[in-house]
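Take a look at the structure below.
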There are 2 protein chains.
Amino acid sequence: MTVSRVINDQPTVSQVTRQRVLAAMTELGYRPNVAARALVTGRTRTLGVVSIDTTLYGPASMLLAIERAARDIGYAISIASLPSVDRRSFGEAFEALMAQAVEGIIAITPHTSTTTALRHVPKDIPVVAVEGGRAPVPTVAVDQRLGARLATEHLLSLGHATVAHIAGPGDWHEAQERERGWRDALTDAEREIPELVRGDWSPRSGYEAAQRLIGAPGLTAIFVANDQMAIGALRALSEAGIPVPERVSIVGFDDIPEAEFFTPPLTTLRQEFGEVGRQSLALLMEQVDGAPRSRRRIVIPPEFIVRESTRAPGTAGSAPGTAGSARGSAGSGPRSAGTKTPRSAATKTERAGLSGAPASEASQPDTAPR
Amino acid sequence: MTVSRVINDQPTVSQVTRQRVLAAMTELGYRPNVAARALVTGRTRTLGVVSIDTTLYGPASMLLAIERAARDIGYAISIASLPSVDRRSFGEAFEALMAQAVEGIIAITPHTSTTTALRHVPKDIPVVAVEGGRAPVPTVAVDQRLGARLATEHLLSLGHATVAHIAGPGDWHEAQERERGWRDALTDAEREIPELVRGDWSPRSGYEAAQRLIGAPGLTAIFVANDQMAIGALRALSEAGIPVPERVSIVGFDDIPEAEFFTPPLTTLRQEFGEVGRQSLALLMEQVDGAPRSRRRIVIPPEFIVRESTRAPGTAGSAPGTAGSARGSAGSGPRSAGTKTPRSAATKTERAGLSGAPASEASQPDTAPR
DNA sequence: TACTCGCCTGTTCACGTTAACAGGCATGTT
DNA sequence: AACATGCCTGTTAACGTGAACAGGCGAGTA
């Protein structure tokens, strides 16, 4: 009846009636029935997020940002996690959200198997992939390759002959792209490419990978694919009596909150996970509002943060690596170099940031810099 | 019609008809309409979780465990986060979930303001509080006080004259309980109680708190209220040239995945967040299934994990603190001492665990050991 | 006065499901 | 043969909302 008009703010209700309805609503503790509304409108005002381990810093941060942005526009968020990273459990999680009649799904799919699973989602359900590689749906991703290149070039410019790499699992897009960026930088500088060691993102695997590297001759710099493995690597080096950064420099990836307080504070690449979450929601809402599914790809540049875990090889001095030495391969792509003021510092931190446009877009998949 | 019977597995359908219906369902891609079902049954098969910052390790772990357990029993999870920890934003988040017609809500309310907000939730909606202090609803919590007591007694038994404390924010239950346990242990041992320093759980605040403590005379042991602040404290001590554990011993709380790889590996208390999540879901489902709201309180003991950040004062040797020195005030309560095999070790770790019954229950609020 | 128009409020129906009830049919019992 | 019983399937109504339409009423106009 007229109540519906009041709830939906339709103008064709007189002020008097409106007030009477509102008064009655508060008096009775009336609350609109979402099920009835969804039944008649066909819209549930609920979105789904399917993700791997939401205990990890990255997915957790994205989830939080997505939830907040969604609630702001009146949408609820329902979550589905993957017990294991394979196509089947992805399908099950996706199906569970579909059964709930979500209006769209954000899939955090950093694993190649989940990306292939994305090929089989029906065309009529809005979907966005986060870190989804070459998924056949709109995608939001951080420019992992650029970040890895920056990290490697930073180490080379400090004077290291080459840079070792502790990579992530080979079936993760982020691991692949970071490995590629590392390889690119070494190739461009015509350096020897050392054999890489793989971990599984965990501190333990970083610890074990570093132990294997320690024997290698000429080891002076390691680019570790994430901060968690970097802390394991730091531990292994510490146990082996190898001081960081005096004898070996370390760069991580992610800038987890603890990274600034590692021993020593970690030079790393910050990913703006919150921004990734918000952008992915925006991309999803376009589809929910009727836009056809594109292959649009939003790429967000990482921010390089120089702390104290990197230094020129063989120097016993105390000056940390300087920010000025960190730069991407200038001239290609929309990224611009710049510096930001540090948020604060327990130790001196300097940044070679990528500011300017916060995110670049491309309608073609895979526009990471060569 | 008959379809409904097939979907709901009612026995009064012949095999033939059932097969025909199932065949038609797959052929047509039929999916039951949850809105219509919810409208007629009055049940949405959705539960809500309201939580502070889900980026933190604890809440994120609980959320994950809750989501998995809920999906196993056919319930969906909808989340609502708090932009800030105060009563009002808690009320808004709670209300947002109510508007979605969730059947019950798990409130992760480690902050006193959110606990008071719990007093005003209607009696007819199932609610469970996690770390909710003396909330007037069923509660699941880790025995913070016991953990703090174990940590402090461990340090005292190593020979430290007293133990300093870097506490969490005073308006958090966990901070209050950990402070109390620390105070209890010192009082029982008739030791001087040093002035405590407060942080806000962040690595930075731990760093700053440790800097303030460093001046204090006779500082040889610090119990830090969580691992994140502990890493900041380790950093501050490292910068000040104070070796850990040789000159100062450190104990943390939480056992975040990185703790094992700190420099040095951190002695800490593990909280089984996953177990907390599962227990809270079980408690919630009792109410959803019709049980009246109780004041039941499930208390889960923490597990003490000895690593290398603790040692007897003034010893330059390399033996870490031994597990045998860690014990609760024996005889009170259902907890039994015991050891577990380490899951694995980057460094030698030993454990004085609290095994046996994984959780103790109490119908009266606040049964923490004296 | 009769009519049109605009503003507001009320009525009807459909959304897809389930609870409750009705009924058909075969089998068994008296 | 008449009837009861059990097994299965079909019919009806209701859940609470919003879209579409109907209609009442006052003001303005011819």
Side-chain angles (χ1 to χ4, degrees), chain A residues 1-48 73-76 78 95-104 122 124-126 288-290, chain B residues 1-48 73-76 78 95-104 122 124-126 288-290:
Chain A
M1 53 159 136
T2 304
V3 178
S4 173
R5 283 188 258 260
V6 173
I7 295 173
N8 297 311
D9 266 328
Q10 293 190 21
T12 75
V13 182
S14 73
Q15 274 304 320
V16 201
T17 326
R18 185 181 303 274
Q19 292 308 326
R20 280 176 52 213
V21 170
L22 290 172
M25 273 172 38
T26 51
E27 186 188 351
L28 300 173
Y30 170 84
R31 190 175 271 137
N33 182 313
V34 282
R37 178 177 289 176
L39 179 59
V40 70
T41 61
R43 307 196 57 173
T44 53
R45 295 195 77 77
T46 298
L47 302 174
I73 56 172
Y75 272 77
S78 192
E95 186 52 37
L97 291 176
M98 293 292 291
Q100 277 175 66
V102 297
E103 290 183 37
D124 54 341
I125 168 88
V288 169
D289 294 338
Chain B
M1 53 160 143
T2 304
V3 178
S4 173
R5 283 188 257 260
V6 173
I7 295 174
N8 297 311
D9 265 329
Q10 293 189 22
T12 76
V13 181
S14 73
Q15 273 306 320
V16 201
T17 327
R18 186 183 301 276
Q19 292 309 325
R20 280 176 52 213
V21 169
L22 291 172
M25 273 173 38
T26 51
E27 187 189 351
L28 300 172
Y30 169 83
R31 188 175 272 138
N33 183 314
V34 281
R37 177 178 291 175
L39 179 59
V40 69
T41 61
R43 307 195 57 171
T44 53
R45 295 195 77 79
T46 298
L47 303 174
I73 56 172
Y75 271 77
S78 192
E95 185 51 40
L97 290 176
M98 293 293 290
Q100 276 175 65
V102 297
E103 289 183 37
D124 55 340
I125 168 87
V288 169
D289 293 339

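A note on names: the letters A, B, ... follow the listed sequences, proteins ahead of strands, and every chain is numbered from 1. Keep in mind the model is a prediction, meaning the values are calculated, not measured.
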Between the main-chain N or O of [Y] and the side-chain N or O of [X], is there a donor-acceptor pair closer than 3.5 Å?
{"X": "B/Asn8", "Y": "B/Gln10", "answer": "no"}
{"X": "B/Arg18", "Y": "B/Asp9", "answer": "no"}
{"X": "B/Arg45", "Y": "B/Gly74", "answer": "yes"}
{"X": "B/Glu103", "Y": "B/Thr44", "answer": "yes"}

To the nearest angstrom, how far is [X] atom [atom1] from [N] atom [atom2]?
{"X": "B/Tyr30", "N": "C/dC15", "atom1": "OH", "atom2": "C1'", "result": "13 Å"}
{"X": "A/Gln10", "N": "C/dC7", "atom1": "CD", "atom2": "C1'", "result": "14 Å"}
{"X": "B/Arg43", "N": "C/dA19", "atom1": "CZ", "atom2": "C1'", "result": "16 Å"}
{"X": "B/Asp9", "N": "C/dT18", "atom1": "CG", "atom2": "C1'", "result": "15 Å"}
{"X": "A/Arg20", "N": "C/dG10", "atom1": "CZ", "atom2": "C1'", "result": "13 Å"}
{"X": "B/Asn8", "N": "C/dG16", "atom1": "CG", "atom2": "C1'", "result": "13 Å"}
{"X": "A/Leu39", "N": "C/dG16", "atom1": "CG", "atom2": "C1'", "result": "6 Å"}

Q. Would one find a side-chain N or O of B/Ser4 under 4.0 angstrom from OP1 or OP2 of C/dT17?
A.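 Answer no for this pair, as no side-chain N or O of B/Ser4 is under 4.0 Å from OP1 or OP2.
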Q. Is the distance from OP1 or OP2 of D/dG18 to the nearest side-chain N or O of A/Arg37 less than 4.0 Å?
A.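 Answer yes for this pair, as a side-chain N or O of A/Arg37 is under 4.0 Å from OP1 or OP2.
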Listed nucleotide nearest any side-chain atom of [X], set [options]:
{"X": "A/Ser14", "options": "C/dC8, C/dT17, D/dT17", "answer": "C/dC8"}
{"X": "B/Ala36", "options": "D/dG16, D/dG10, C/dG16", "answer": "C/dG16"}
{"X": "A/Asn33", "options": "D/dG16, C/dG16, D/dG18", "answer": "D/dG16"}
{"X": "B/Arg5", "options": "C/dG10, C/dC21, C/dT18", "answer": "C/dC21"}

Q) At under 4.0 Å between heavy atoms, what does B/Val13 touch on the DNA or RNA strands: base, sugar-phosphate, or nothing? A)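 Here B/Val13 touches the backbone only, sparing every base.
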Q | Upstream residue (5' side of DNA chain C) when B/Thr41 and A/Gln15 are each assigned their closest nucleotide | A |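 Whichever sits nearer the 5' end wins; that is A/Gln15.
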**Q.** Under-4.0 Å salt bridge between B/Arg20 and B/Glu27
**A.**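 Salt bridge flag = no for B/Glu27 with B/Arg20.
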